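Since we're looking at a predicted model, the values are computed, not measured. Just so you know, ligand 1 is whichever comes first in the structure, and atom 1 is the first atom listed for that ligand. When a residue number appears, it is its place in the shown sequence, counting from 1.
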Amino acid sequence: MNPDFLYAIRTCPALDPAVRDDFPMTGIQSHGKPFAYLNNAATTLKPLPVLEAMDRYYREYGSPIHRGADRIAHKATTAFESVRRTVARFLGTPHPEAVVFTGGTTAGLNLVCLSYGELVVGAGDEVVVTPNEHHANYVPWQQLCRRKNAKLVLAPLDANGCLQPEALESVMTERTRIVACSHITNVMGAAMDLRALAAVVHRHGAVIVVDGAQGVVHERPDVVGWDIDFYAFSGHKLYGPTGVGVLYGRPALLEKMPPVVMGGEMIDIVDVYETSFREPPWRFEAGTLPVAEVIGLGAAIDYVLELGYCGMQKKVLGLTERAVRGLSGLENVHVYNPENAFSGVLSFNIRGVHPHDASSVYDREGIALRAGHHCSQPTMRWLGVGATLRASFAIYNDDSEVDRLIEASKKAGDFLDVLF
Ligand code: PLP
């Protein structure tokens, strides 16, 4: 991570600690202890403005969008489409029609693969991925390459799990059609310089597909400024609802792409043996969309923009650095990514204790974190382990929760002593 960038984060004003009160779930108990939710890379808790926006839709104007001629349905459609404009502004594009609503990151990445990938990748072509991708940004490309008799190429990563532009350059060829990588990875928390990577990709005439599931939470995307072709993210990791996500696509590319899912609202004319399709983004939004969730996503984006990314980054960085210091100080704990505190993800293991066993100790202490391969078996292979523990931090966490994580890690380290 660029030291100037980290300096800018450290010097920005701190978030008001009262932010925690915006999240009702921070007040619950688990096993009779205050619930410490440290599984934020899996999903985040939801603030009141998101809950209220969704509740208001269902109570006051819960009508179909694009499918009703009455005033209330018009209100629902207007609210829904205004979120498209909010998302476009958020992502840094002047084109709302470049924003496709999806079910989440997985759905968005699969859409790019099954539509654009099927279109441009042929036998002998190459698709570049990294060995630290989430399965959602790995398996679709792997399977596409198998179907097309194309080659899946793994770009080398540095010791922190970061894809450096020179390393990407070293695997690009005239057959490279697509490069798929994360904005921030979900196990190592490695943050990519997307602008530099996109420049490499475009020099070789390929397109860059970005998995923004983790990145969107910690760094505001700038799809036009960074020259990104596709960027997918999920609402639920950004303090928004589950079941909704976004795929940004460069308008000229979306124009060329065929639809993958067919049904209502994505068609123009359906003749007996032929159908013409609507323009993007509607061509990719068949069927009834999750209206309340889209409205909730709009509220989540308004919420984070109101707080400001700088304050959020400062908070998460401070918590993660505290956790790195505390855990690295424990004799039997190995932290895999101490250099990547910016992304709020900390992967570690306790020597001699399986992560699944350890996670039951944390649970007893009222702490939620994740144990396993984190939907990235390629990363586990890259690390040379079967599984890790993963603590991940968000804006409502506080120092006392980090300290409880460290104390519980000491206890989990004694797990073998308890057993035998
Ligand atoms: N990509 C990354 C990096 C993730 O962390 C996740 C979720 O954990 C996903 C993709 C999949 O997101 P979703 O399950 O919301 O589609």
Side-chain angles (χ1 to χ4, degrees), residues 37-46 50 87 100-114 129-143 157 160-163 179-192 194 197 208-219 221 228 230-248 260-261 284 289-290 293-294 296-297 300-301 316 336-337 340 342-347 368-380 382-383 387-394:
Y37 185 70
L38 304 181
N39 196 10
N40 293 287
T43 197
T44 49
L45 307 182
K46 315 306 170 204
V50 169
V87 174
V100 181
F101 289 118
T102 66
T105 310
T106 305
L109 294 169
N110 274 273
L111 170 56
V112 182
C113 183
L114 294 174
V129 295
T130 87
N132 273 193
E133 297 309 308
H134 187 283
H135 295 156
N137 200 30
Y138 191 96
V139 183
W141 304 115
Q142 178 200 62
Q143 294 299 306
L157 300 173
N160 293 317
C162 200
L163 174 59
V179 173
C181 70
S182 295
H183 182 175
I184 292 180
T185 56
N186 68 320
V187 178
M188 290 296 286
M192 310 309 154
L194 292 178
L197 294 178
I208 182 164
V209 181
V210 179
D211 173 349
Q214 300 293 334
V216 73
V217 190
H218 302 294
E219 186 179 29
I228 300 302
F230 295 100
Y231 187 98
F233 71 93
S234 303
H236 70 98
K237 303 211 193 247
L238 188 63
Y239 310 110
T242 52
V244 66
V246 165
L247 173 68
Y248 161 82
V260 173
V261 179
F284 305 109
L289 296 183
E293 285 74 10
V294 167
L297 172 63
I301 290 174
V316 169
Y336 294 99
N337 60 338
N340 293 340
F342 163 73
S343 46
V345 171
L346 204 53
S347 289
L369 44 64
R370 188 163 173 191
H373 55 62
H374 316 294
C375 296
S376 185
Q377 290 177 15
T379 309
M380 296 301 114
W382 184 81
L383 283 171
T388 72
L389 290 157
R390 185 185 70 183
S392 47
F393 304 96

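Heavy-atom contacts of T105 reach the following atoms of ligand 1: 10 (C), 12 (O), 16 (O) (cutoff under 4.0 Å). Close approach of ligand 1 to N186 (heavy-atom distance below 4.0 Å) involves ligand atoms 3 (C), 5 (O). Within ligand 1, the atoms closer than 4.0 Å to a non-hydrogen atom of T106 are 11 (C), 12 (O), 13 (P), 14 (O), 16 (O), numbered from 1 in the order shown. Counting the atoms of ligand 1 from 1 in the order shown, those under 4.0 Å from a heavy atom of S234 are 12 (O), 13 (P), 15 (O), 16 (O).
Nearest heavy atom pair, residue N39 against residue Y37, reads O-OH, 3.0 Å. N340 and N160 make their closest contact through ND2-O, 3.0 Å (heavy atoms, listed as atom of the first residue, atom of the second, distance). Residues L238 and V216 share a closest heavy-atom pair of CD1-O, 3.7 Å. Smallest separation of non-hydrogen atoms from C113 and P140: SG-O, 3.3 Å.
If you look at D211 next to ligand 1, the close heavy atoms, those under 4.0 Å, all belong to the side chain. Under 4.0 Å from ligand 1, the heavy atoms of K237 that appear belong solely to its side chain. Residue contacts with ligand 1 for H236 involve side-chain atoms from C-beta outward but no N, CA, C or O (heavy atoms, distance under 4.0 Å).
Side-chain polar atoms of E133 and S376 form no donor-acceptor pair below 3.5 angstrom. Under the 3.5 Å distance criterion, with hydrogens and angles disregarded, a donor-acceptor pair is assigned to the side chains of H374 and T388. For the residue pair S343/H218, the side-chain donor-acceptor check at 3.5 Å is not satisfied.
When only non-hydrogen protein atoms are considered, atom 4 (C) of ligand 1 lies nearest to H134 CD2, 3.3 Å.
For ligand 1, one of its N or O atoms has an N or O atom of Q214 under 3.5 Å away.
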